[in-house]
Protein chains: 2
Amino acid sequence: MAKSKSKVGIGDIAREVNLSKTTVSYALRGKQDQVNLSPETVEKIHQAAKRLGYRPNYWARALVSKETKSVGVLFNDLTGSAAHEITRGIQEVLGFHGYETMLSVSFWEEAKCRKELKLMLEKRVDGIIATPQPICEDSYAAAVDEGVPVVFIGDYSVSSKIPSVVLDPEDAIYKLLNHLHQVGHRDIGFLTVDFNSPILTEREQVFKCGLKKLGLECKDNWIHRAELANEISVFENVRNLMSQEDRPSALVCISDPVAMQALGELARLEISVPDTLAVASIGNIEGSDHPFFSLTTVDECRVDLGREAARILLKKQDGSYNETPSIRIKGPLITRASTVGASLRPKR
Amino acid sequence: MAKSKSKVGIGDIAREVNLSKTTVSYALRGKQDQVNLSPETVEKIHQAAKRLGYRPNYWARALVSKETKSVGVLFNDLTGSAAHEITRGIQEVLGFHGYETMLSVSFWEEAKCRKELKLMLEKRVDGIIATPQPICEDSYAAAVDEGVPVVFIGDYSVSSKIPSVVLDPEDAIYKLLNHLHQVGHRDIGFLTVDFNSPILTEREQVFKCGLKKLGLECKDNWIHRAELANEISVFENVRNLMSQEDRPSALVCISDPVAMQALGELARLEISVPDTLAVASIGNIEGSDHPFFSLTTVDECRVDLGREAARILLKKQDGSYNETPSIRIKGPLITRASTVGASLRPKR
DNA sequence: CTGTTAGCGCTTTCAC
DNA sequence: GTGAAAGCGCTAACAG
């Protein structure tokens, strides 16, 4: 029976089997070939270890071997399935290379973000993958400064040289615009949120450029900006947009959550989608495909995002490059009922 | 400027300021009063530490102080907002007591679950909070065996003596049943999933008892069981239920995700909710309150779940008790349009 | 007020 | 084939 908390160490095992700590250490780590241990010895050691309830001490190991084979992953948020999918992608490639992952959340709090980052550095992680929080720029920079590579995921930073992996905004917006154009829309509005994020800003800019390239007009009063994380504000903006004399026939939303709220308000206003207003956005989040509101969107490919971020870290590790190769993943357009086909809601 | 990766240790600082490692150690940890250090000395040390880019080594610290003040948190899943809220609750109380949290996910994979648990033990966490995975029972038991307390969250285990914190199934189902009864329903069906989880099983049993207590009939053909994580199966079950001669006027679903899928199918079948069929469930997950389907449900109080789990661990730590006090939290009934008020969908 | 001296549990030369 | 010894970076008695 395992003994409670009474730390069994490698030394105890050595004593038990009348061998040295060295031998035990090798046997326990399966490095028997490195020193040519006899199978019986190895077996005997394993037996004893099990009998005594031995449990290796991660810290002692990390301390002496001076490496942890671990990377820290810091999310701002654990809601939705983003963290799940990103982590999946990260662990898939990192796990394959023998790396362990340390997860944490900042809840969008600056102090928490800094604290978690600091903890990761103290734990001597080999790299960090994070959903960036603009205000903590300097903390990420500090990590890089200390030789711990950082990769941003889902968004990027304009002011720092930290590499990032994001869904290609240009590609995504163009896919949306082309799709809407193809199904006959010429008057396209934009609904975004009041949050100063590089990726969101870029989506907006690309939207404007895209309209021009298609030879469409980009009216200022068709671009609305709701308050962040305030659904009431989204509702209001939708109402304002639709109460204008001159209103668009299609609406591109900055992200799925916003689009889903917009669809809700449109339903309340009894505005038929997509007949009166087609709606499309970016994300393909969990729940964006539902019989009640089936949203045309560009898939963010979050598992791929995770995979690529991990690959960058791996390459940095083995010195494959010291450049900062940001990656932009192109996601597929998912065409659904909010832009084509039967009306989303039964006619009155 | 911080020096890259060239590990600055406490010794380097000591040399720099011509003091002993001990003094430096105390100063750096703010334990100056324990040994009466002069403010100047402390200041000088901090200066030097900053100048050299010193970063404490978590592992070395943990190794010698033989405590980590940390608890491991293992989720089966990171989708939805459950992990977010639970973690919030946990960190709120644990953080207050100086504990750190180590997050991880098993993705419902047995091997991953065991691996993460093992890692936590090797890292010598002081406790573990986990969403149980029935098949890994023995791994949790091993932790307890080694003196590391485990608390289950969100579900429990019938075969082990591990304490748990869950939403009270009896209370929840009764609230649902009473509500439906009050608004006039006498024929109530049940839709669950084919997953052998203690908490889900208990909800079902309580449902049956509850019906009896209300003097209502519990017809076997009103209880349906869909395949786990298979929405098609939920759809089929809803169709089957509603195509019976004799069908209920209300349906209690085992959880919000199931209820939301059911509502989708009901919409397709053009069955009006709540007029023809009222729907209610348990969870109050993100997205259960939406203009398109506003679900009556019992809030799972996930932040509270996290808080309580953390409190149990804390009490175990300081030896307040060695009993296994499982906690059942009573969540409020959230009455929404799927059971009362205007029809969820506009009439045809 | 500060320094000396032991380790924590483990890995890893290097010698036998 | 195996072991002795020297630390990894830090803390904590116990002396001065």
Side-chain angles (χ1 to χ4, degrees), chain A residues 3 5-45 48-49 52-69 119 121-125 146, chain B residues 3 5-46 48-49 52-69 119 121-126 146:
Chain A
K3 338 170 59 174
K5 209 74 179 177
S6 42
K7 6 222 90 196
V8 180
I10 204 184
D12 300 287
I13 299 177
R15 201 169 314 117
E16 179 88 358
V17 297
N18 258 315
L19 286 170
S20 77
K21 295 199 307 180
T22 315
T23 310
V24 173
S25 175
Y26 278 109
L28 253 25
R29 281 176 297 149
K31 306 258 182 194
Q32 44 215 239
D33 301 327
Q34 234 165 87
V35 286
N36 255 327
L37 292 189
S38 74
E40 304 85 57
T41 311
V42 174
E43 182 53 21
K44 198 168 55 176
I45 292 173
L52 299 181
Y54 170 73
R55 178 78 67 185
N57 185 317
Y58 187 94
W59 300 317
R61 244 175 214 189
L63 182 56
V64 58
S65 62
K66 302 183 86 138
E67 73 162 0
T68 54
K69 282 283 206 177
L119 203 57
L121 292 177
E122 292 186 354
K123 287 189 180 168
R124 301 295 191 263
V125 295
E146 290 178 36
Chain B
K3 337 172 59 177
K5 208 73 179 177
S6 43
K7 4 222 90 199
V8 180
I10 203 183
D12 300 288
I13 299 177
R15 201 169 315 116
E16 179 89 358
V17 297
N18 259 316
L19 286 171
S20 79
K21 295 201 306 180
T22 315
T23 309
V24 173
S25 175
Y26 277 109
L28 253 25
R29 281 177 298 148
K31 307 258 182 193
Q32 43 214 242
D33 301 327
Q34 233 164 88
V35 287
N36 254 327
L37 292 189
S38 74
E40 303 86 55
T41 312
V42 174
E43 182 54 21
K44 196 168 56 175
I45 291 173
H46 275 112
L52 299 180
Y54 170 73
R55 177 77 69 185
N57 185 319
Y58 187 93
W59 310 125
R61 236 170 222 195
L63 182 56
V64 59
S65 62
K66 301 182 85 137
E67 74 163 359
T68 55
K69 283 284 208 177
L119 204 56
L121 293 178
E122 293 187 354
K123 288 188 181 168
R124 300 297 191 265
V125 295
D126 298 319
E146 291 178 34

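A note on names: the letters A, B, ... follow the listed sequences, proteins ahead of strands, and every chain is numbered from 1.
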Open item on the list: Side chains of B/Thr23 and B/Ser20: any donor to acceptor distance under 3.5 Å?
Closed with: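 B/Ser20 vs B/Thr23: donor-acceptor pair found between side chains.
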Open item on the list: I'd like to know if the side chain of B/Thr41 pairs up with that of B/Ser38 as donor and acceptor (distance under 3.5 Å, no hydrogens or angles considered).
Closed with: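 Yes, because at least one side-chain N or O of B/Thr41 sits under 3.5 Å from a partner of the opposite role on B/Ser38.
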Return the value, rounded to whole Å, for the distance between atom [atom1] of [X] and atom [atom2] of [N].
X: A/Asn18; N: D/dG1; atom1: CG; atom2: C1'; result: 16 Å
X: A/Leu19; N: C/dC16; atom1: CG; atom2: P; result: 20 Å
X: B/Asn36; N: C/dC1; atom1: CG; atom2: P; result: 6 Å
X: B/Ile45; N: C/dC1; atom1: CD1; atom2: C1'; result: 11 Å
X: B/Gln32; N: C/dC1; atom1: CD; atom2: C1'; result: 13 Å
X: A/Leu37; N: D/dG1; atom1: CG; atom2: P; result: 9 Å
X: B/Lys44; N: C/dC1; atom1: NZ; atom2: C1'; result: 12 Å

Task: Per-nucleotide protein contact string for nucleotides 9-16 of chain D, where B marks a base within reach and S marks sugar-phosphate only (heavy atoms under 4.0 Å, - for neither) - done: BBBBB---
Open item on the list: Tell me which one of A/Glu122, A/Arg61, A/Arg124, A/Lys66 satisfies side chain to side chain contact (heavy atoms under 4.5 Å, CB included) with B/Trp59.
Closed with: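 Answer to the side chain to side chain contact (heavy atoms under 4.5 Å, CB included) test with B/Trp59 among A/Glu122, A/Arg61, A/Arg124, A/Lys66: A/Arg124.
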Open item on the list: Suppose we screen for side-chain contact (heavy atoms from CB on, under 4.5 Å). Which residues come up paired with A/Lys31, at least two apart in sequence or across chains?
Closed with: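 Expected list: A/Tyr26, A/Arg29, A/Gln34.
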Task: Donor-acceptor contact below 3.5 Å, side chain A/Asn36 vs main chain A/Asp33 - done: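 No; zero donor-acceptor contacts below 3.5 Å.
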TODO: For B/Ala48 and B/Val17, work out which heavy atoms get closest and say how close.
DONE: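 Minimum heavy-atom contact is CB-CG1, 3.6 Å.
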Open item on the list: Base, sugar-phosphate or nothing for B/Asp12? Non-hydrogen atoms, less than 4.0 Å.
Closed with: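 B/Asp12: no heavy atom of the nucleic acid under 4.0 Å.
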TODO: Considering just the side-chain nitrogens and oxygens of A/Thr41, establish if one lies under 4.0 Å of OP1 or OP2 belonging to D/dG1.
DONE: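 Answer is no, no contact under 4.0 Å.
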Open item on the list: Is there a side-chain contact between B/Ser20 and the phosphate of C/dT2, meaning an N or O under 4.0 Å from OP1 or OP2?
Closed with: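 Result: no.
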